[in-house]
Amino acid sequence: MKKLYILTPLLLVFLASCGTPESEVADQTQTASDEEEMNTAPVEEQEETVTNEVGEDPGYYQTVIPYQISPSRGLTSSNMVSSYNIETFEKGLFDISKSVFSTDDHVFREGQVFTEEMVRGFLSRSYTSEEIDAMSEEEKADNNAFSNLGLNPSTEGETDPETIAEEAPLYLSHILEQNYMTQDEDGNMDFSGMTIGLAMNSEYYYQEEEYGETYTKTLDEQEVREQGERMAAEILERIRANEQYQDMTIVFGIFMQSGETDITPGHFLSTATVEPGSNEISSFTEIQENYVLLPSSEAGSISEEINSDYQNFNRKLESYFDSFTTSVGEGYFKDGNLEHLSIEIPVEYTSRGEVIGLAQYVSELVQEHFRNTNVEISIKDKSKSYALITKNEDDEMDVHIYE
């Protein structure tokens, strides 16, 4: 059985240095070699295996163990706008991956190719040769300009914050890598594919003067998508420059985050699959999905029927239960269809009997108004949950009253 697959610093430098002048690559390679000699230490050999499946067909990947944490893992929470976006981004990448890397014959491992330093380099701005020439050695080091890995657009020497916001905002916020392994009959692991998610900004924030007022520039969705797809093509070129990844399937997902004050997450814009041996992305497939509040004008623009049904759902609850005020749902629409609905029903607790009655009545309303879709409803106050109601797309209902 194969042992843990470990990437060497030299390999990472080779990946990161694509497009860098040869003299600079040599300096970086020497540094990496020195670090490798200084940091070489015995690694405890542990056999790789995978976790067991949970349930008959949960749709989840089994996981490689011992579990390997991505070297760039700590950047996710600091780079992305909110926990809403983080959860939706990660879950969406799994869903995209399943259409290429089947859960029946692939197992998951956190990304091991992109280091924290590489991701930081990718997220920086690119620099023109004129910009680099104008920098001092210290500025080049601070801006990581020696390798010039940045995927965000260059300011091309512009210094006015408002002009930069209009012409060269920061589009790319984070890069997330997922690895997919196959396992032979003897349990040997083979690194067979990777999914790379690009989390893009929907808003760009800037100040016209230090410590001054913060302004917001809303980014155009089509431009965000085009920038993300351009960056994906550049990342592919850098990955394929290493022969180790030339015969590997690589999947890209372009995700646009929601804004800082939004209480719904962002959504995926497009995806592409690159077959083994291919050095180009032939085309991207547009993804039509939205997370919206219900009821709302945005939901109404997607489906007036569903928005109206939700309003009626609230009115009936208000008519029968004095402790109920109103609820807000989060609907996930894909290709114009409601695929999942999450509802939180706030109550002021008066009695267990009322909670049971409310849960029973809510389950009736869900069957009446939201058929053939996945629904999850939580009945709770500020500090405690009293009931959980779930319904799948086959309209099978489960009502759980917490003790």
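Count residues from 1 along the sequence.
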Taking [Y]'s backbone N and O only, do any of them form a donor-acceptor pair with [X]'s side chain (distance below 3.5 Å, no angle check)?
{"X": "N85", "Y": "S258", "value": "yes"}
{"X": "Y310", "Y": "G329", "value": "yes"}
{"X": "N337", "Y": "E339", "value": "no"}
{"X": "R109", "Y": "Y180", "value": "no"}
{"X": "T214", "Y": "Q207", "value": "no"}
{"X": "E376", "Y": "T390", "value": "no"}
{"X": "R230", "Y": "L151", "value": "yes"}
{"X": "Q257", "Y": "M80", "value": "no"}
{"X": "E110", "Y": "S70", "value": "yes"}
{"X": "T115", "Y": "P71", "value": "no"}

Could you tell me whether [X] and [Y] have a side-chain N and a carboxylate O separated by less than 4.0 Å?
{"X": "K91", "Y": "E87", "value": "no"}
{"X": "K217", "Y": "E166", "value": "yes"}
{"X": "D381", "Y": "K384", "value": "no"}
{"X": "K316", "Y": "E368", "value": "yes"}
{"X": "R352", "Y": "E403", "value": "yes"}

Under 3.5 Å, is there a donor-acceptor pair between the [X] and [Y] side chains?
{"X": "S82", "Y": "E260", "result": "no"}
{"X": "N314", "Y": "S327", "result": "yes"}
{"X": "T195", "Y": "S97", "result": "yes"}
{"X": "Q360", "Y": "E364", "result": "no"}
{"X": "E203", "Y": "N201", "result": "no"}
{"X": "H106", "Y": "T182", "result": "no"}

**Request:** Only one of V399, I377, T373 passes side chain to side chain contact (heavy atoms under 4.5 Å, CB included) with V366; say which it is.
**Result:**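 Result: among V399, I377, T373, I377 is the only option passing the side chain to side chain contact (heavy atoms under 4.5 Å, CB included) with V366.
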**Message:** Working note: I281 + T273, criterion side-chain contact (heavy atoms from CB on, under 4.5 Å); need CA distance, chi angles, decisive distance, verdict.
**Reply:** CA-CA 7 Å; I281 300 174; T273 300; over 6 Å; no
How far apart are the closest heavy atoms of [X] and [Y], and which atoms are they?
{"X": "S173", "Y": "N79", "answer": "OG-O, 2.6 Å"}
{"X": "P153", "Y": "P169", "answer": "CG-O, 3.4 Å"}
{"X": "Q178", "Y": "E90", "answer": "NE2-O, 3.8 Å"}
{"X": "Y386", "Y": "V355", "answer": "CB-CG1, 3.7 Å"}
{"X": "V224", "Y": "L269", "answer": "CG1-CD1, 4.0 Å"}
{"X": "F191", "Y": "M194", "answer": "CZ-CE, 3.9 Å"}

Just so I know, are the side chains of [X] and [Y] near enough to count as touching, which here means a heavy-atom distance under 4.5 Å?
{"X": "I175", "Y": "I196", "value": "yes"}
{"X": "I389", "Y": "V375", "value": "no"}
{"X": "V274", "Y": "F252", "value": "yes"}
{"X": "E396", "Y": "K391", "value": "no"}
{"X": "E229", "Y": "S270", "value": "yes"}
{"X": "V292", "Y": "I302", "value": "yes"}
{"X": "E280", "Y": "R240", "value": "no"}

**Prompt:** Which salt bridge (charged side-chain N to carboxylate O under 4.0 Å, His left out) pairs, counting each pair once, include a residue from residues 283-310, with sequence neighbours left out?
**Reply:** R225-E286
Between [atom1] of [X] and [atom2] of [Y], what distance do you get to the nearest 0.5 Å?
{"X": "I86", "Y": "T76", "atom1": "CD1", "atom2": "OG1", "value": "6.5 Å"}
{"X": "M118", "Y": "L149", "atom1": "CE", "atom2": "CG", "value": "7.5 Å"}
{"X": "S278", "Y": "M248", "atom1": "OG", "atom2": "CE", "value": "14.5 Å"}
{"X": "E116", "Y": "R73", "atom1": "CD", "atom2": "CZ", "value": "13.0 Å"}
{"X": "Q62", "Y": "M181", "atom1": "CD", "atom2": "CE", "value": "13.5 Å"}
{"X": "L176", "Y": "F89", "atom1": "CG", "atom2": "CZ", "value": "5.0 Å"}

**With sequence neighbours excluded, residues passing side chain to side chain contact (heavy atoms under 4.5 Å, CB included) with Y215** = Y206, E208, E213
**Under the side chain to side chain contact (heavy atoms under 4.5 Å, CB included) test, residues paired with D160 that sit two or more places apart** =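 Applying side chain to side chain contact (heavy atoms under 4.5 Å, CB included) to D160 gives E158, E162, T163.
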Around atom [atom1] of [X], are there more than 12 heavy atoms of other residues, nucleotides or ligands at under 6.0 Å?
{"X": "E348", "atom1": "CD", "result": "no"}
{"X": "Y402", "atom1": "OH", "result": "yes"}
{"X": "I263", "atom1": "CD1", "result": "no"}

**Item:** V328 and L294: CA distance, side-chain angles, deciding distance, side-chain contact (heavy atoms from CB on, under 4.5 Å) verdict
**Value:** CA-CA 6 Å; V328 175; L294 285 161; over 6 Å; no
**Prompt:** Looking at residues at least two apart in the chain, or sitting in another chain, which of them share a salt bridge (charged side-chain N to carboxylate O under 4.0 Å, His left out) with K380?
**Reply:**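 None.
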**Item:** From CA spacing to verdict: ring-ring contact (aromatic ring centres under 6.0 Å, His included), F114, F122
**Value:** CA-CA 10 Å; F114 293 166; F122 289 171; 5.5 Å; yes
**Prompt:** Under the ring-ring contact (aromatic ring centres under 6.0 Å, His included) test, which residues partner Y84, sequence neighbours left out?
**Reply:** none
**Message:** What verdict does the side-chain contact (heavy atoms from CB on, under 4.5 Å) test give for L341 and E330, after you've listed the backbone C-alpha separation in whole Å, the side-chain angles of each residue and the deciding distance to 0.1 Å?
**Reply:** CA-CA 6 Å; L341 175 61; E330 180 185 286; 6.0 Å; no
**Prompt:** Which pairs with one or both residues in residues 280-307 pass ring-ring contact (aromatic ring centres under 6.0 Å, His included), sequence neighbours excluded?
**Reply:**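 Only Y291-Y332 qualify under ring-ring contact (aromatic ring centres under 6.0 Å, His included).
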**Prompt:** Which word best sums up how the rings of Y61 and F94 line up, parallel for under 30°, tilted for 30 to 60°, or perpendicular for over 60°?
**Reply:** tilted
**Request:** Determine whether the aromatic ring centres of Y60 and F108 lie less than 6.0 Å apart.
**Result:** no
**Request:** Please step through side-chain contact (heavy atoms from CB on, under 4.5 Å) for the pair I254 and F268, ending with a clear verdict.
**Result:** CA-CA 6 Å; I254 311 299; F268 278 89; 5.8 Å; no
